[in-house]
Chemist: 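This is the structure I want to talk about, given as structure tokens.
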Amino acid sequence: MLNTPSAAPSAPSVHAEGVSNDEFRAAMSRLAAGVVLVTAHEPQPDPEGPSGEDVGMTATSFMSVSLDPPLVMVGLREGSRMDDLLDEQPLWAVSVLAESQRQIAGRFAMKGRISDRLLFEDLLWARGEVSGAPLIGGALATLECRTEQRVTAGDHTLVIGRVLTSSAPNTQGGPLTYFRGGYRQLG
């Protein structure tokens, strides 16, 4: 009988340094992260047209960068709608989601989702006075920011923003976190 090699399963994508995408993803899934909703108002280019559109995106790559001046950073997938918008529009906002806001996080994280206008339709939110972006009601904290710097990092853009306003209206409940590929509650 002739010994012929069988078709080997395709190997996971390995980078020059030897870490595959799957290995990296599995390791990073063990890092718990807070969940935020990044929002911005996309102005309408036609002054005679509608007032523009609100845009939102769930993010887990968000962190404080500096106290003086107050700076935060969010990681955006390069070429995403939010990345493109914040390249043109320097004002944006962040709502730090509470553990009870899992549905909001899931809604704005969906791939192939409906228009953002419909996603905001039945949510409690207020327009930020400085950024014009939606601030989600019931969030643990809200921040309005202005982009200070954009840094390309692999397939993401790191957007560093100066905090222009900050509020922590909700002192009840814990944060919504993301761990091992799912939303979690502390405790």
Side-chain angles (χ1 to χ4, degrees), residues 33-67 69-77 79-150 156-178 183:
V35 182
V36 301
L37 185 66
V38 179
T39 57
H41 183 75
E42 181 174 34
Q44 194 65 10
D46 178 9
E48 303 296 319
S51 62
E53 185 174 8
D54 295 315
V55 178
M57 181 198 91
T58 301
T60 56
S61 56
F62 177 76
M63 63 183 278
S64 168
V65 173
S66 169
L67 185 59
L71 299 174
V72 294
M73 186 210 67
V74 64
L76 306 174
R77 188 176 32 71
S80 67
R81 182 170 184 200
M82 188 63 74
D83 181 37
D84 292 344
L85 176 56
L86 295 189
D87 192 30
E88 300 292 324
Q89 161 64 286
L91 298 173
W92 46 284
V94 173
S95 297
V96 178
L97 298 180
E99 59 194 1
S100 62
Q101 295 178 311
R102 180 184 298 216
Q103 265 190 318
I104 294 171
R107 170 189 295 205
F108 284 91
M110 285 188 301
K111 291 183 179 11
R113 64 189 195 206
I114 57 176
S115 79
D116 284 49
R117 181 182 54 78
L118 295 174
L119 295 177
F120 282 105
E121 201 166 75
D122 63 345
L123 293 181
L124 176 63
W125 62 273
R127 189 161 306 283
E129 291 182 26
V130 175
S131 67
L135 303 172
I136 302 301
L140 295 178
T142 59
L143 308 164
E144 291 184 89
C145 306
R146 180 185 64 237
T147 300
E148 293 277 308
Q149 187 176 3
R150 293 172 54 86
H156 275 64
T157 302
L158 306 178
V159 179
I160 299 170
R162 180 179 295 255
V163 178
L164 305 173
T165 70
S166 175
S167 175
N170 183 355
T171 58
Q172 301 299 314
L176 181 61
T177 59
Y178 193 75
Y183 297 116

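Note that the structure is predicted; figures quoted are calculated from it, not measured. Just so you know, residue 1 is the first one in the sequence shown, and it goes up from there.
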Chemist: Please name all residues satisfying side chain to side chain contact (heavy atoms under 4.5 Å, CB included) with E121, sequence neighbours left out, ordered by chain then number.
Modeler: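 Scan of E121 (side chain to side chain contact (heavy atoms under 4.5 Å, CB included), adjacent residues dropped) gives R117, L118.
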
Chemist: Got a sec, which residues hit side chain to side chain donor-acceptor pair (under 3.5 Å) with E144, two or more places apart in sequence or on another chain?
Modeler: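 Counting only residues at least two positions away or on another chain, E144 forms a side chain to side chain donor-acceptor pair (under 3.5 Å) with S131, T165.
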
Chemist: Under the side chain to side chain contact (heavy atoms under 4.5 Å, CB included) test, which residues partner R150, sequence neighbours left out?
Modeler: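 If we apply the side chain to side chain contact (heavy atoms under 4.5 Å, CB included) test to R150, skipping adjacent residues, the hits are D83, L86, D87, T147, T157, V159.
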
Chemist: Please find the pair of heavy atoms, one from L97 and one from L37, that lie closest to each other, and give the distance.
Modeler: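 Heavy atoms only, the tightest pair is CG-N, 4.2 Å.
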
Chemist: Suppose we screen for ring pair (Phe, Tyr, Trp, His ring centres under 6.0 Å). Which residues come up paired with F62, at least two apart in sequence or across chains?
Modeler: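 Partners of F62 under the ring pair (Phe, Tyr, Trp, His ring centres under 6.0 Å) test: none.
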
Chemist: When rounded to the nearest 0.5 angstrom, what is the spacing between CD1 in I160 and SG in C145?
Modeler: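 Going from the CD1 atom of I160 to the SG atom of C145 covers 12.0 Å.
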
Chemist: Who are the side chain to side chain contact (heavy atoms under 4.5 Å, CB included) partners of H156, not counting sequence neighbours?
Modeler: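 Applying side chain to side chain contact (heavy atoms under 4.5 Å, CB included) to H156 gives R77.
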
Chemist: To check you understand the geometry: which heavy-atom pair defines the closest contact between V36 and V94, and what is its length?
Modeler: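 For V36 and V94, the tightest heavy-atom pair comes out as CB-CG1, 3.6 Å.
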
Chemist: Output every pair passing salt bridge (charged side-chain N to carboxylate O under 4.0 Å, His left out) with a member in residues 123-142, not counting sequence neighbours, ordered by first then second residue.
Modeler: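 Listed by first then second residue: D54-R127.
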
Chemist: Verify side-chain contact (heavy atoms from CB on, under 4.5 Å) between R107 and D122, making sure each step is shown before the conclusion.
Modeler: CA-CA 12 Å; R107 170 189 295 205; D122 63 345; 2.7 Å; yes

Chemist: Where is the tightest heavy-atom contact between P134 and A93, given as atom of each residue plus distance?
Modeler: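 Heavy-atom minimum between the residues: O-CB, 4.2 Å.
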
Chemist: Which atom names give the shortest non-hydrogen contact between A139 and V96, and what distance separates them?
Modeler: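 Here A139 and V96 meet closest at CB-O, 3.4 Å.
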
Chemist: Show every ring-ring contact (aromatic ring centres under 6.0 Å, His included) that has at least one partner inside residues 116-137, sequence neighbours left out.
Modeler: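 Only F108-F120, F120-W125 qualify under ring-ring contact (aromatic ring centres under 6.0 Å, His included).
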
Chemist: Looking at M73 and L158, what are the two nearest heavy atoms and their distance?
Modeler: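 Looking at all heavy atoms of both residues, the shortest contact is SD-CB, 3.9 Å.
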
Chemist: Kindly write out the residues that satisfy side chain to side chain donor-acceptor pair (under 3.5 Å) with Q89, not counting sequence neighbours, or none if the list is empty.
Modeler: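 Expected list: none.
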
Chemist: Sequence neighbours left out, what pairs pass salt bridge (charged side-chain N to carboxylate O under 4.0 Å, His left out) with at least one residue falling in residues 95-105?
Modeler: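 Every candidate salt bridge (charged side-chain N to carboxylate O under 4.0 Å, His left out) pair involving residues 95-105 fails, so no pair, neighbours aside, qualifies.
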
Chemist: Answer yes or no: is there a side-chain heavy-atom contact under 4.5 Å between I136 and I104?
Modeler: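 Sidechains of I104 and I136: in contact.
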
Chemist: How far does CG of L85 sit from CG of L76, to the nearest 0.5 angstrom?
Modeler: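 Nearest 0.5 Å value for the CG-CG distance: 10.0 Å.
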
Chemist: Applying side-chain hydrogen bond (donor to acceptor under 3.5 Å, both in side chains), which residue pairs with at least one partner in residues 132-142 are found, sequence neighbours left out?
Modeler: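 Passing the test, one end in residues 132-142: no pairs.
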
Chemist: Any side-chain heavy atom of V74 sitting closer than 4.5 Å to one from W92?
Modeler: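 When only atoms from C-beta onward are counted, W92 and V74 do touch, with a gap below 4.5 Å.
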
Chemist: How would you list, by chain and number, every residue that makes a side chain to side chain contact (heavy atoms under 4.5 Å, CB included) with L164, sequence neighbours excluded?
Modeler: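 Side chain to side chain contact (heavy atoms under 4.5 Å, CB included) list for L164, sorted by chain: L91, V130, R146, R162.
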
Chemist: For the atom pair CD (Q103) and CG (L176), what is the distance rounded to the nearest 0.5 Å?
Modeler: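 The CD atom of Q103 sits 11.5 Å away from the CG atom of L176.
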
Chemist: Looking only at heavy atoms, what is the nearest atom pair of P175 and L140, with distance?
Modeler: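 In this case the closest contact between P175 and L140 is CA-CD1, 3.4 Å.
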
